[in-house]
Peer 1: 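Below: one structure in structure tokens.
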Amino acid sequence: MRVTITEIKDMKQRNEKIPMLTAYDYVTARMVDESGVPLILVGDSLGMVMLGYESTIPVTMDEMLHHTTAVVRGARKALVVGDMPFMTYHISVPDALSNATRFIQEGGAQAVKLEGGEAVAEQVRRLVACGIPVMGHIGLTPQSIHQLGGFKAQGRVVGDARRLLNDARILEEAGAFAIVLECTPAPLSELITGRLTIPTIGIGAGPGCDGQVQVISDVLGLYTDFVPKHARQYARLAGEIRDAVACYISDVRSISFPTTEHSYTMDEGLIEQLEAEA
Ligand code: KIV
């Protein structure tokens with residue numbers, strides 16, 4: 001049975017921390033799911049860590065759907081959240097509805113995530129009214145980096161902190177089932193978490209959130225262009241992959257791969273027969 005948003009909300013009530021990870025493909029989703037992560041985000045971070053863009057801004061609906069369907073095929077139990085890309089939910093409420101519908105209908109996701117607070121409250125309200133679970137996302141919202149002036153922590157001065165608290169309340173009131181807090185100071189995240197009945201999922205937001213989300217490529221040490229301050233590398237796969245590929249190159253060059261055990265056999269005498277025919 002797949003995890004539901006009710007179970008996610010119940011975890012907060014039980015004081016049970018909620019681990020969430022991103023995944024972008026079938027194989028990774030399958031491993032993450034089998035490890036017992038209840039929430040998988042197909043984040044638009046895939047634009048940077050999988051597609052090599054400089055930010056999440058160029059990511060399109062078609063790219064997101066392509067990866068979402070793969071993740072859904074790999075995740076049998078976790079609730080899969082599809083991340084709505086830049087400008088696919090701002091222009092109008094009908095636009096947000098039709099793009100979110102694609103995540104659920106074509107992508108097979110069970111929920112969508114969108115960035116912003118009060119500015120997107122109407123979209124959240126309508127999506128939820130139509131039966132589409134929504135995860136909010138406030139603090140550092142990477143789709144707004146040009147407006148924010150870069151990848152910077154948010155809510156460090158009183159006006160910003162007050163606005164974020166207000167945004168969180170508005171998202172809860174609009175029907176979001178959880179809210180990502182990205183790069184908000186730990187005491188502010190804790191305050192927001194205490195004021196909400198829905199779970200907060202932090203990334204660079206301190207230990208006081210109800211759950212934590214990390215980008216899988218950071219956790220596995222796969223993406224080394226930039227490692228955020230808030231990430232912990234539980235493995236260093238980039239180095240391991242480079243070493244494995246170097247061994248392969250060397251084996252091919254020295255003809256120590258493939259060996260007979262990697263080769264297929266054929267009927268005895270066939271080669272002699274083919275040679276004789278020629
Ligand atoms: O796109 C993403 O991976 C995200 C997380 C960092 C929350 O939005």
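In this text the structure is predicted, and so the values were computed from the model without any measurement. Each residue takes its place number in the sequence, starting with 1. Atoms within a ligand are numbered from 1 in the order they appear, just like the ligands themselves.
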Peer 1: I need the L196 CG to K12 NZ distance, nearest 0.5 Å.
Peer 2: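 Between atom CG of L196 and atom NZ of K12 there are 5.5 Å.
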Peer 1: Have a look at ligand 1 and work out which part of T56, if any, has a heavy atom under 4.0 Å from it: side chain, backbone, both or neither.
Peer 2: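 It is neither; nothing of T56 touches ligand 1.
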Peer 1: Would you please name every residue forming a salt bridge (Lys or Arg N to Asp or Glu O under 4.0 Å) with D243, sequence neighbours left out?
Peer 2: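 For D243 there are no salt bridge (Lys or Arg N to Asp or Glu O under 4.0 Å) partners, ignoring immediate neighbours.
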Peer 1: For the 3.5 Å polar cut-off, considering only N or O atoms, please tell me whether K113 and ligand 1 meet it.
Peer 2: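 In this structure, K113 places an N or O atom under 3.5 Å from an N or O of ligand 1.
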Peer 1: Ignoring hydrogens and angles, state whether a donor on the side chain of Q214 or Y234 is under 3.5 Å from an acceptor on the partner side chain.
Peer 2: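 Their side chains do not contain a donor-acceptor pair, so the 3.5 Å distance test is not met.
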Peer 1: Look at atom 6 (C) of ligand 1 and say which protein heavy atom is nearest, naming residue and atom and giving the distance to 0.1 Å.
Peer 2: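 Of every protein heavy atom, I203 CD1, 3.7 Å lies nearest to atom 6 (C) of ligand 1.
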Peer 1: With a heavy-atom distance limit of 4.0 Å, tell me whether L46 approaches ligand 1 through its side chain, its backbone, both, or neither.
Peer 2: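 It is neither; nothing of L46 touches ligand 1.
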Peer 1: For ligand 1, which atoms, with element, lie under 4.0 Å from some heavy atom of G43?
Peer 2: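 Atoms satisfying the 4.0 Å criterion: 1 (O), 2 (C), 3 (O).
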Peer 1: Taking distance alone, with no angle check, do D83 and ligand 1 share an N/O pair under 3.5 Å?
Peer 2: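 Yes.
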Peer 1: Check D44 against ligand 1 and report side chain, backbone, both or neither, counting heavy atoms closer than 4.0 Å.
Peer 2: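 Near ligand 1, D44 shows its backbone as well as its side chain.
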Peer 1: Please write down residue, atom name and distance for the protein heavy atom closest to atom 2 (C) of ligand 1.
Peer 2: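 Looking at atom 2 (C) of ligand 1, the protein heavy atom closest to it is S45 OG, 3.3 Å.
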Peer 1: Any carboxylate oxygen within less than 4.0 angstrom of a Lys/Arg side-chain nitrogen, looking at R125 and E122?
Peer 2: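 E122 and R125: salt-bridged.
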Peer 1: Considering L41, L21, T22, which one's heavy-atom position lies nearest to atom 4 (C) of ligand 1?
Peer 2: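 Of the listed residues, L41 has the closest heavy atom.
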Peer 1: Just so I know, are the side chains of D210 and M11 near enough to count as touching, which here means a heavy-atom distance under 4.5 Å?
Peer 2: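 In short, these two side chains do not touch, never coming nearer than 4.5 Å.
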Peer 1: For the residue pair D62 and R102, establish whether any side-chain heavy-atom pair is separated by less than 4.5 Å.
Peer 2: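 Touching, per the 4.5 Å side-chain cut-off.
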Peer 1: Does the side chain of L127 come within less than 4.5 Å of L114's, by heavy atoms?
Peer 2: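 When only atoms from C-beta onward are counted, L127 and L114 do touch, with a gap below 4.5 Å.
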